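First comes the structure, then the notes that go with it.
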Amino acid sequence: MDYKKLAELLYPNAKDVSFWEEKYPQRNLSSGAEVVRIAPSPTGYLHIGNFFGAMVDYEIAKTTGGVFYFRLEDTDKKREVDGADFVALNVLKEFGISPDEGLMPNGTEKGNYGPYRQSERLEIYKSYAKKLVLEGKAFPCFCQKAADVGEVFQRREKELQTEASISEKDPCRNLTFEEIEAKLKENKKFALRLKSNGKEGDKVVAFDLCRGEMELPANCKDIVLVKDNGIPPYAFAHVIDDHLMKTTTVVRGSDWLSTWPQHLEIYEALGLKVINYIHTPLISKLGENGNKRKISKRYDPEADMRFYVEMGIPKVAVCEYVLNLANSNFELWRAANPELDFREFKFSPNKIGLSSPLFDMNKLLDISKNYISKLSATEVYSNVLSWAKEFDKDFAKLLEERKDFAISVFNIDREGKNPRKDLEMFSQAKKVFSYMFLDFLGQMKIEDYEIDSKDFAKAKRVVSEYKNVLDEKDDKETWFSKIKTLAQKLGFATDNKEFKKNPENFEGNVANFCEFIRVAITGRKNSPDLFTIISILGQEKTVKRLEKLENLL
RNA sequence: GGUCCCGUGGUCAAGUGGUUAAGACACCGCCCUUUCACGGCGGUAUCAUGGGUUCGAAUCCCGUCGGGAUCACCA
C-alpha cells in the first residue's frame with residue numbers, strides 16, 4: 001500500500017502538521033506552572049462532576065501560577081442542545097470561577113491557542129489524521145453498522161453475553177488502495193480508524209497523578225479517529241487539542257479510566273509525549289436499591305449545578321463543599337481559619353481521595369447555614385432579593401417595597417456573637433419568615449398553627465389574658481417579668497427546678513407558656529426571640545394576632 | 001461477562017508497622033438560657049472477610065466477598 005497516495009486521496013488539501021506546531025508555540029510560563037482546562041460539551045447544563053473537575057483545575061492553576069482555560073467539546077451534533085454553548089460557562093461564572101483563557105461568557109475568545117470550540121478545529125484534526133494515514137497508522141472504514149447507535153447497542157448486548165472481551169480488528173483495515181478508491185468514487189462516506197498495534201493480553205503502564213502507576217490492558221480496538229461526518233470523537237480531538245494548547249494536566253472523572261489506553265495509543269501513534277492525567281472520583285448517590293451509583297442529571301436534581309442556584313444556596317458554600325470533597329483536609333483548615341476566603345486554602349492534587357463520595361446534602365447545608373449566619377442583615381437582604389428577582393418575582397417586589405422592614409427582620413438575633421442559623425438557603429427566607437412577610441391573619445387557619453388540640457383550652461386562656469398585659473413600650477426586662485407574673489397567675493411554674501420535680505402540680509413551665517404566645521404570633525413553636533418580633537410588629541398587629549388565635553380556639 | 005478502580009462509624013474522612021483509631025455532618029443525651037435559638041459538654045457507632053509476613057497489621061502480601069466504572073462513528 002502506498003500510504004502517501006492514500007493520504008492524498010483521503011485528505012488532499014490538509015495542511016502539514018508542522019503548520020500547527022509552529023502556530024501554537026510553547027507557552028512562556030514559569031517552571032512548575034500548570035496548564036489545565038475544563039472542556040464540557042454543550043449539553044445544556046453543568047454537571048456537578050464537571051464542576052468538581054473545574055474546582056480542581058482552578059485550584060491547580062491558582063497554586064502553580066498557571067493557566068485555566070475553557071474549551072467547548074461540541075463534536076457530537078446528535079447530543080448537542082441548541083443555544084447551550086455558554087450554559088456551562090455562565091453557570092461556572094455564577095459560582096465565581098472564571099477561566100483565564102478560552103471561550104468567554106460574552107462569546108469572545110481569549111488566548112493564542114484557539115479556536116476553543118472543537119467544531120472550529122476540524123482543519124487541524126484533518127492534518128493529524130492525514131499524518132497518521134501517511135505513516136500507515138490509520139485507515140478508512142466504510143462500514144455503516146458502527147454509525148448506527150441502535151446496532152451498536154445490540155452488538156454490545158451480545159458482547160456482554162460472551163465470556164471474554166472481543167478484540168476488535170476492523171475488516172476494513174485490509175482494504176486495498178483500489179478498493180478504497182472505488183468506494184470513494186461511489187461517494188461512500190468513510191470513518192478513519194486507528195490501526196491498533198495492541199494484542200489481546202498486552203499491557204500499558206500509565207501514570208495518574210493521584211493514583212500513581214497503573215497497569216492497564218492495552219488498547220487493541222481499531223477505534224474511530226474521525227467520524228464519517230469529518231468530525232473526530234473525543235478520544236482523538238482531546239489528545240490533539242491538549243497537545244496544541246499545551247495542557248500539562250488533564251483532570252477528568254474516573255469513568256474515563258477504562259478508555260484511557262485508547263488515548264495512550266493515540267498519543268503513541270501521533271508521536272506525542274503523554275501529558276499528566278488525574279482521574280477524579282465520581283460523586284455518587286444511593287439508588288433505589290440502596291446501592292451507590294454515579295450521580296446523574298436524569299434522576300438527581302443535585303447533578304445539575306443550576307439546582308444550587310435555584311435553591312439559593314450560597315455559591316461559596318457550594319464551592320467549599322465540593323472543595324472539601326476534593327481535599328478533605330479543607331475542613332480542618334477552615335476550622336483553623338474561619339475568616340479567610342476559601343481561595344487561600346492550599347490545594348494538594350495528591351490528596352484527592354480515590355473512592356467515590358456520596359453526595360451529602362446535610363453537610364452542604366451545614367456549611368451553607370454557617371456561612372449565611374455570618375452575613376450581615378443587609379447582605380442577607382441583597383442575597384435573598386437577587387434570588388427572588390429570578391425565582392420569586394412577587395416576593396422580590398415585596399422585599400423592595402419594604403426594604404427597611406425586611407432588613408430588620410433578617411437582623412433578628414443576627415448581630416450577637418452567636419447568631420441563629422435559620423437559613424440554609426436564600427430560597428427559604430420567605431418560608432422561614434413567613435409570619436413577618438405574608439398576610440398572616442388572612443392566611444392562618446387553625447390547622448396551620450403548630451399546636452396540639454389537647455392544648456387548645458390552655459392556649460386560649462394564655463392568649464386571651466396575655467393580650468391585656470402586652471405593651472409595646474415595655475423594655476425586655478419588663479416584658480419578661482410580665483410574662484412570668486401572668487404565667488404564675490395561670491398556674492404555670494416560674495421555677496424550672498420546681499417544675500421538673502413535680503410537673504403534675506403545674507400547667508406547664510414558662511417555656512410552655514411562651515410557646516402558646518409564640519404560636520399565636522408566628523404560628524410556630526420555633527421562631528426567633530419573641531420580644532424582638534413583637535417590637536417589630538408593634539402593639540396593634542400583635543394584639544390582632546393574639547385575638548385571631550383566641551377566636552379560632 | 002471481560003477489564004480496571006475502590007473498600008476505616010449512617011455520611012465525608014485522618015491514618016503510610018506500635019495511636020485510648022483524629023476531626024466534621026447526622027442522630028441521641030445533658031448543661032447554659034425562667035422564651036426561640038446560639039453555644040458548651042458528652043454519648044452511640046468503624047478498620048468488608050479469610051489466610052499469611054511480623055514480637056506487633058487499619059497500615060505489607062495473597063485469596064475471597066462487596067460496591068463502582070467502563071466496554072459507541074457519546075462525551
Side-chain angles (χ1 to χ4, degrees), chain A residues 39-41 43 73-76 78-79 141 143-149 151-153 155-156 159-166 168 189 191-193 211 214-217 221 223-229 231-235 237-238 252-261 279 281-282 284 286 291-294 321 324-325 328-329 331-332 334-335 353-360 362-367 373 412-413 416-422 479-480 483-484 487 492-497 499 509-515 517-518 522 524-533:
Chain A
S41 328
T43 50
E73 309 227 317
D74 55 345
T75 56
D76 185 14
K78 288 187 287 266
R79 286 209 330 177
C141 164
C143 309
Q144 278 300 300
K145 62 175 200 311
D148 180 347
V149 176
E151 189 149 354
V152 166
F153 278 112
R155 196 156 45 96
R156 176 153 68 167
E159 192 177 324
L160 296 191
Q161 309 296 322
T162 59
E163 285 290 305
S165 68
I166 298 169
E168 205 157 315
K189 285 183 169 182
L192 191 75
R193 284 183 185 272
R211 289 161 200 265
M214 300 175 76
E215 195 185 64
L216 301 166
K221 290 187 178 182
I223 54 169
V224 169
L225 263 17
V226 183
K227 297 183 263 186
D228 66 5
N229 60 6
I231 303 174
Y234 171 83
H238 99 275
R252 51 159 42 163
S254 60
D255 43 354
W256 286 106
L257 228 34
S258 41
T259 32
W260 197 13
H279 291 92
L282 269 14
S284 304
L286 249 24
N291 284 343
K292 247 193 206 182
R293 61 171 166 72
K294 175 165 102 168
Y321 174 69
N324 193 234
L325 244 29
S328 66
N329 54 320
E331 129 182 286
L332 249 37
R334 169 49 79 219
L354 260 30
S355 53
S356 304
L358 238 32
F359 179 83
D360 187 350
N362 264 329
K363 186 101 178 180
L364 169 58
L365 291 181
D366 180 68
I367 295 172
S373 77
I412 303 175
D413 282 341
K417 198 172 135 228
N418 298 316
R420 290 178 67 92
K421 297 179 176 177
D422 287 324
W479 170 79
F480 205 82
I483 290 208
K484 269 162 62 181
F492 287 80
T494 48
D495 183 332
N496 208 32
K497 292 202 174 77
F499 173 71
N509 62 5
V510 174
N512 302 125
F513 178 88
C514 283
E515 192 174 291
I517 299 170
R518 167 168 273 115
T522 69
R524 294 212 287 272
K525 290 182 177 180
N526 177 343
S527 75
D529 179 54
L530 257 185
F531 176 78
T532 316
I533 292 177

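Every chain is numbered from 1, with letters handed out A, B, ... down the list of sequences. Source: prediction; values computed, not measured.
Distance noted for atom P between B/A22 and B/G29: 24 Å (whole Å). The same atom, P, is picked in B/C4 and in B/C41; the two are 49 Å apart, to the nearest Å. Nucleotides B/C30 and B/C38, compared at atom P, are 16 Å apart to the nearest Å. Spacing of C1' atoms, B/C62 relative to B/C27, comes out at 40 Å, to the nearest Å. Annotation: B/U20 and B/A69 have their P atoms spaced 40 Å apart (nearest Å). Comparing the same atom, C1', in B/C60 and in B/G2 gives a spacing of 29 Å after rounding to whole Å. For B/G7 and B/A58, the C1' atoms lie 12 Å apart once the distance is rounded to whole Å. The same atom, P, is picked in B/U59 and in B/A14; the two are 16 Å apart, to the nearest Å.
Under the 4.5 Å side-chain criterion, counting only non-hydrogen atoms from C-beta, A/Arg334 is not in contact with A/Ile367. At least one side-chain heavy atom of A/Arg252 sits under 4.5 Å from a side-chain heavy atom of A/His238.
With distances taken from any side-chain atom of A/Ala511 to the nucleotides B/C4, B/C73, B/C36, the minimum falls on B/C36. Taking every side-chain heavy atom of A/Asp228 into account, B/C73 is the closest of B/U35, B/C71, B/C73.
For A/Glu73, the side-chain hydrogen bond (donor to acceptor under 3.5 Å, both in side chains) test picks out A/Arg71, A/Gln118, with sequence neighbours left out. Applying the salt bridge (Lys or Arg N to Asp or Glu O under 4.0 Å) test to A/Asp255 and every residue at least two apart in sequence or in another chain returns A/Lys294. A/Phe480 meets the ring pair (Phe, Tyr, Trp, His ring centres under 6.0 Å) test with no other residue; sequence neighbours excluded.
A/Asp529 has its CG atom 11 Å from the P atom of B/U35, to the nearest Å. B/C36 atom P lies 18 Å from atom NZ of A/Lys421, rounded to whole Å. Rounded to an integer number of Å, the gap from A/Asp422 CG to B/G39 P is 12 Å. Here B/A75 presents its C1' atom at 13 Å from CD1 of A/Ile231, a figure rounded to the nearest Å. One can place CG of A/Asn512 at 11 Å from P of B/U35, the figure rounded to the nearest angstrom. If you take CG of A/Asn418 and P of B/G40, they are 7 Å apart, rounded to a whole angstrom. Atom-to-atom, CZ of A/Arg211 to C1' of B/G7 comes out at 13 Å; the value is rounded to the nearest Å. Protein atom CG of A/Asp413 is 13 Å distant from nucleotide atom C1' of B/G39, rounded to whole Å.
No donor-acceptor pair closer than 3.5 Å links the side chain of A/Asp529 to the backbone N or O of A/Asp413. Between the side chain of A/Arg518 and the main chain of A/Pro528, a donor-acceptor pair closer than 3.5 Å is present. At least one donor-acceptor pair closer than 3.5 Å links the side chain of A/Thr522 to the backbone N or O of A/Arg524. Between the A/Tyr321 side chain and the A/Asp360 main chain, a donor and an acceptor come within less than 3.5 Å of each other.
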Find every protein N or O atom lying less than 3.5 Å from an N or O atom of nucleotides 22-26 of chain B, and list the pairs.
| unit_1 | atom_1 | unit_2 | atom_2 | d |
| --- | --- | --- | --- | --- |
| B/G23 | N2 | A/Glu331 | OE2 | 2.7 |
| B/A24 | O2' | A/Glu331 | OE1 | 3.0 |
| B/A24 | O2' | A/Lys363 | NZ | 3.1 |
| B/A24 | N3 | A/Lys363 | NZ | 2.9 |

Polar pairs (N or O, both sides) under 3.5 Å between protein and nucleotides 62-69 of chain B?
| unit_1 | atom_1 | unit_2 | atom_2 | d |
| --- | --- | --- | --- | --- |
| B/G68 | OP1 | A/Lys292 | O | 3.2 |
| B/A69 | OP1 | A/Lys294 | N | 3.2 |

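Smallest separation of non-hydrogen atoms from A/Arg293 and A/Leu286: NH2-O, 4.4 Å. Residue A/Lys484 comes nearest to A/Val510 through the heavy atom pair CG-CG2, 4.5 Å, listed as atom of the first residue, atom of the second, then distance. Closest of all the heavy-atom pairs between A/Cys514 and A/Leu530 is O-CD1, 4.1 Å. A pairwise comparison of heavy atoms in A/Pro232 and A/Leu225 identifies CB-O, 3.2 Å as the closest pair. The two residues A/Pro281 and A/Ser356 make their nearest non-hydrogen contact at CB-CA, 3.9 Å.
In this structure, A/Pro528 reaches the bases: a heavy-atom distance under 4.0 Å links it to at least one base atom across the strands shown. Using a 4.0 Å heavy-atom cutoff across all strands shown, A/Leu216 reaches sugar-phosphate atoms only and no base atom. Among the protein residues, A/Thr522 comes within range of no part of the nucleic acid, since none of its heavy atoms lies under 4.0 Å from any strand.
Residue A/Ser355 is the one, among A/Ser355 and A/Asn324, whose nearest nucleotide of RNA chain B lies closer to the 5' end (criterion: closest heavy atom). Comparing A/Val226 and A/Phe531 by the nucleotide of RNA chain B whose heavy atom lies nearest to each, the residue mapping closer to the 5' end is A/Phe531.
A donor-acceptor contact under 3.5 Å links the side chain of A/Arg420 to the base of B/C36.
Annotated stems with RNA chain B as a participant read B:1-7 with B:65-71, B:10-12 with B:23-25, B:27-31 with B:39-43, B:48-52 with B:60-64, given as range with range, by first number; only runs of 3 or more Watson-Crick or G-U pairs under 3.5 Å qualify.
Within the 4.0 Å cut-off from OP1 or OP2 of B/A37, not a single side-chain nitrogen or oxygen of A/Lys525 is found.
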